[in-house]
Amino acid sequence: MKSYIKPTYVLAFILTIFVGVFVRSLMSPAQYKIYPETNDKKPELSSPFSDSSGDEFVVAVTKDEEYAIIPVTLSNDRDVCKQLIVDEQDFP
């Protein structure tokens with residue numbers, strides 16, 4: 001008995017990958033201003049979302065009714081604090 005993959009399954013798989021990549025490319029903050037700058041119109045992005053590099057963002061509405069795209073990726077690289085390390089300072 002021959003074992004083979006039907007061409008329709010291969011086509012469906014390729015289309016699934018293509019659609020996923022295409023949708024992900026549409027969800028890029030590159031075409032919008034990133035906080036602290038704001039956008040007058042609501043960005044056509046889901047919230048939260050990740051861009052192609054894996055950075056995470058949320059879309060927020062300011063008190064002036066403008067839209068802000070805020071990066072929320074956790075990291076230890078920021079000067080704010082070490083966000084990914086839990087130690088005795090967190091639980092005294």
Side-chain angles (χ1 to χ4, degrees):
M1 182 181 234
K2 281 188 172 180
S3 174
Y4 63 94
I5 299 173
K6 292 185 179 182
T8 53
Y9 293 138
V10 173
L11 181 60
F13 177 74
I14 291 171
L15 285 175
T16 302
I17 299 296
F18 176 75
V19 168
V21 169
F22 178 72
V23 168
R24 188 170 202 97
S25 71
L26 290 177
M27 293 176 35
S28 170
Q31 61 196 19
Y32 299 104
K33 298 174 190 171
I34 305 296
Y35 187 79
E37 295 182 68
T38 58
N39 301 278
D40 295 332
K41 295 181 180 178
K42 183 178 179 183
E44 304 225 1
L45 301 167
S46 62
S47 182
F49 72 96
S50 298
D51 68 2
S52 58
S53 67
D55 292 333
E56 298 170 297
F57 298 85
V58 295
V59 178
V61 181
T62 68
K63 66 178 181 175
D64 299 326
E65 296 185 15
E66 294 180 325
Y67 295 89
I69 300 173
I70 305 170
V72 294
T73 305
L74 294 176
S75 72
N76 287 331
D77 298 336
R78 300 184 185 169
D79 295 330
V80 176
C81 65
K82 293 186 177 187
Q83 298 173 313
L84 300 177
I85 297 175
V86 177
D87 57 17
E88 63 274 353
Q89 290 181 351
D90 297 312
F91 299 96

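The CG atom of N39 sits 9.5 Å away from atom CD of Q31, with the distance rounded to the nearest 0.5 Å. How far CD1 of I69 is from OH of Y35: 13.5 Å, rounded to the nearest 0.5 Å. With rounding to the nearest 0.5 angstrom, the CG atom of L45 is 10.5 Å from the CG atom of D51.
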Let me have the donor-acceptor pairs involving side chains of residues 59-66, under 3.5 Å, with sequence neighbours excluded, atom names and distances please.
residue	atom	partner	partner atom	Å
T62	OG1	D64	N	3.3
T62	OG1	E66	N	3.1
T62	OG1	E66	O	3.3
E66	OE1	T38	OG1	2.7

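Using a 4.5 Å heavy-atom threshold, the side chains of Y32 and K41 count as separate. Contact check for I34 versus P71: side-chain heavy atoms found under the 4.5 Å cut-off.
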